[in-house]
Amino acid sequence: MEQIPHGLAGKLMSFFQQWPKDLLLSDIRSTPVIFPEPGALQHFFTKLDKPLLALRHYSFRFQPWQVAGIGHNEVRNSTLLAWLLDPAGSHGLGDGPLGALLEILHKRSEGKFPAKFNRYCRVQVETNPTGDTRNRVDIEMDSDAFFLLIEVKIRAGEQENQMQRYCEEAAVRAGIRPWAVVYLTPHGGASQTAGPDVLPEHTPAISWRQLGLAFDTAVSETYQEIASAQPVSTARLMAACSAISFINHMNQL
């Protein structure tokens with residue numbers, strides 16, 4: 001008894017195997033239609049398995065951060081951004097997001113800022129780098145290769161001499177290490193409070209959308225591996241979906 005093929009790839013292969021060998025479809029408006037080899041089609045659709053599975057998880061409907069009401073709250077968004085930038089974070093995406101940010105800074109500084117850390121990178125939120133309580137920084141990143149501060153803005157404006165004060169703090173804490181104070185805003189415009197003596201490479205301005213798109217590119221392969229792993233780790237998948245959800249949120253700020 002003839003075996004009925006299963007799946008789209010199998011059915012297509014059967015269809016084209018039965019197609020008359022010398023029959024070509026054409027008309028006066030187009031060139032002849034030549035069908036691909038069944039084996040090539042089967043290979044193509046087999047290769048689609050992983051991307052389609054990952055895409056199914058990308059359609060994840062639950063938006064945890066929307067439910068949590070983070071909205072445009074700078075403190076909550078800073079906390080989640082710090083979580084995502086932590087290479088040891090529970091998001092399970094490793095140093096992908098951090099690497100994406102460092103790559104931006106590396107290019108902006110023409111190679112002066114490191115593109116990676118060596119042994120450690122500690123990420124904290126709402127710190128006073130030198131103990132001065134007037135300077136409460138949103139995110140601090142202390143690495144063996146660099147010292148980095150991130151000033152998060154969504155709707156609030158700058159305080160008087162804010163970025164200049166943060167640059168002074170960063171320079172003290174950095175010592176001989178490269179340092180920068182990222183000015184993260186919805187529009188990506190330059191800070192107006194950095195002062196005339198601060199070099200542009202020390203106060204790179206980045207938009208939330210620009211950073212979100214860089215994150216998305218950096219983590220896509222890791223996310224696909226998590227989503228298509230067999231057996232599926234529910235905890236790891238949920239953590240990765242939560243991270244992807246926040247990256248999507250970043251693109252809307």
Side-chain angles (χ1 to χ4, degrees), residues 54-101 104 121-129 133-142 148-160 162-163 166 181-189 191-193 204-220 222-224 226-227 232-253:
L55 183 62
R56 186 180 71 187
H57 290 295
Y58 259 118
S59 63
F60 185 59
R61 297 294 182 183
F62 175 51
Q63 299 294 330
W65 311 125
Q66 182 178 2
V67 174
I70 63 172
H72 293 83
N73 184 288
E74 291 182 357
V75 173
R76 295 174 184 173
N77 280 280
S78 296
T79 300
L80 284 168
L81 178 59
W83 169 67
L84 204 56
L85 287 169
D86 187 349
S90 59
H91 46 73
L93 299 174
D95 60 0
L98 173 58
L101 172 60
I104 293 175
C121 181
R122 304 186 185 96
V123 183
Q124 302 181 73
V125 292
E126 292 197 305
T127 67
N128 307 110
T133 56
R134 297 174 302 169
N135 299 331
R136 194 164 187 80
V137 180
D138 292 317
I139 299 176
E140 174 187 317
M141 306 182 69
D142 189 7
L148 181 65
L149 300 178
I150 302 178
E151 174 56 21
V152 171
K153 295 293 185 186
I154 299 180
R155 287 183 173 172
E158 293 184 77
Q159 301 171 16
E160 185 178 1
Q162 185 176 23
M163 287 292 284
Y166 290 177
V181 181
V182 173
Y183 187 56
L184 181 64
T185 66
H187 52 75
S191 167
Q192 301 300 308
T193 65
I206 304 175
S207 73
W208 279 97
R209 178 171 174 77
Q210 180 185 9
L211 189 58
L213 291 175
F215 282 0
D216 195 43
T217 300
V219 306
S220 60
T222 303
Y223 178 83
Q224 183 171 307
I226 294 172
V232 175
S233 170
T234 304
R236 194 178 182 205
L237 180 59
M238 290 298 294
C241 285
S242 297
I244 294 295
S245 177
F246 179 65
I247 291 174
N248 291 336
H249 171 74
M250 290 174 61
N251 292 333
Q252 305 303 316
L253 291 176

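In this text, all values refer to a predicted model and were calculated from it rather than measured experimentally.
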Hits for salt bridge (charged side-chain N to carboxylate O under 4.0 Å, His left out) against D138, two or more places apart or cross-chain, chain-then-number order -> none
Could you tell me whether the side chains of S191 and E158 share a donor-acceptor contact shorter than 3.5 Å?
-> yes
Tell me, with the steps shown, if M250 and D216 meet side chain to side chain contact (heavy atoms under 4.5 Å, CB included).
-> CA-CA 10 Å; M250 290 174 61; D216 195 43; over 6 Å; no
Which residues share a ring pair (Phe, Tyr, Trp, His ring centres under 6.0 Å) with W83, sequence neighbours left out = H91
Within-4.5 Å side-chain heavy-atom neighbours: [X] and [Y]:
X: I244; Y: V219; result: yes
X: Y166; Y: T193; result: no
X: L85; Y: I150; result: yes

Name all pairs fulfilling the salt bridge (Lys or Arg N to Asp or Glu O under 4.0 Å) condition that reach into residues 67-91, sequence neighbours left out, sorted by first residue then second.
-> none
Which atom names give the shortest non-hydrogen contact between [X] and [Y], and what distance separates them?
X: G189; Y: A205; result: O-CB, 3.3 Å
X: I104; Y: A214; result: CD1-CB, 4.0 Å
X: P129; Y: L149; result: CG-CD2, 4.0 Å
X: G92; Y: I226; result: O-CD1, 4.0 Å
X: L98; Y: C121; result: CD2-SG, 3.9 Å
X: V125; Y: S78; result: CG1-O, 3.9 Å

According to side chain to side chain donor-acceptor pair (under 3.5 Å), who are the partners of [X], at least two apart in sequence or on a separate chain?
X: Q210; value: R108
X: N73; value: none
X: T185; value: H187
X: T127; value: E140

Polar side-chain atom of N135 near backbone of N128 as donor-acceptor pair, under 3.5 Å | no
How long is the gap from [atom1] on [X] to [atom2] on [Y], to the nearest 0.5 Å?
X: Q162; Y: E160; atom1: CD; atom2: CD; answer: 11.0 Å
X: I247; Y: L84; atom1: CD1; atom2: CG; answer: 5.0 Å
X: Q159; Y: R136; atom1: CD; atom2: CZ; answer: 12.0 Å
X: S242; Y: W65; atom1: OG; atom2: CH2; answer: 5.5 Å

Check the pair I139 / L184 against side chain to side chain contact (heavy atoms under 4.5 Å, CB included), numbers first and verdict last.
-> CA-CA 11 Å; I139 299 176; L184 181 64; over 6 Å; no
What's the verdict on side chain to side chain contact (heavy atoms under 4.5 Å, CB included) for V182 and L211, showing C-alpha distance, side-chain angles and the deciding distance?
-> CA-CA 11 Å; V182 173; L211 189 58; over 6 Å; no
Run the side-chain contact (heavy atoms from CB on, under 4.5 Å) test against [X] and tell me which residues pass, sequence neighbours left out.
X: A239; result: none
X: D95; result: P87, F117
X: R209; result: S207, L213, N251
X: A218; result: A100

CZ (R155) with more than 12 external heavy atoms under 6.0 Å = no
I70: which of N77, V75, T79 passes side chain to side chain contact (heavy atoms under 4.5 Å, CB included) = N77
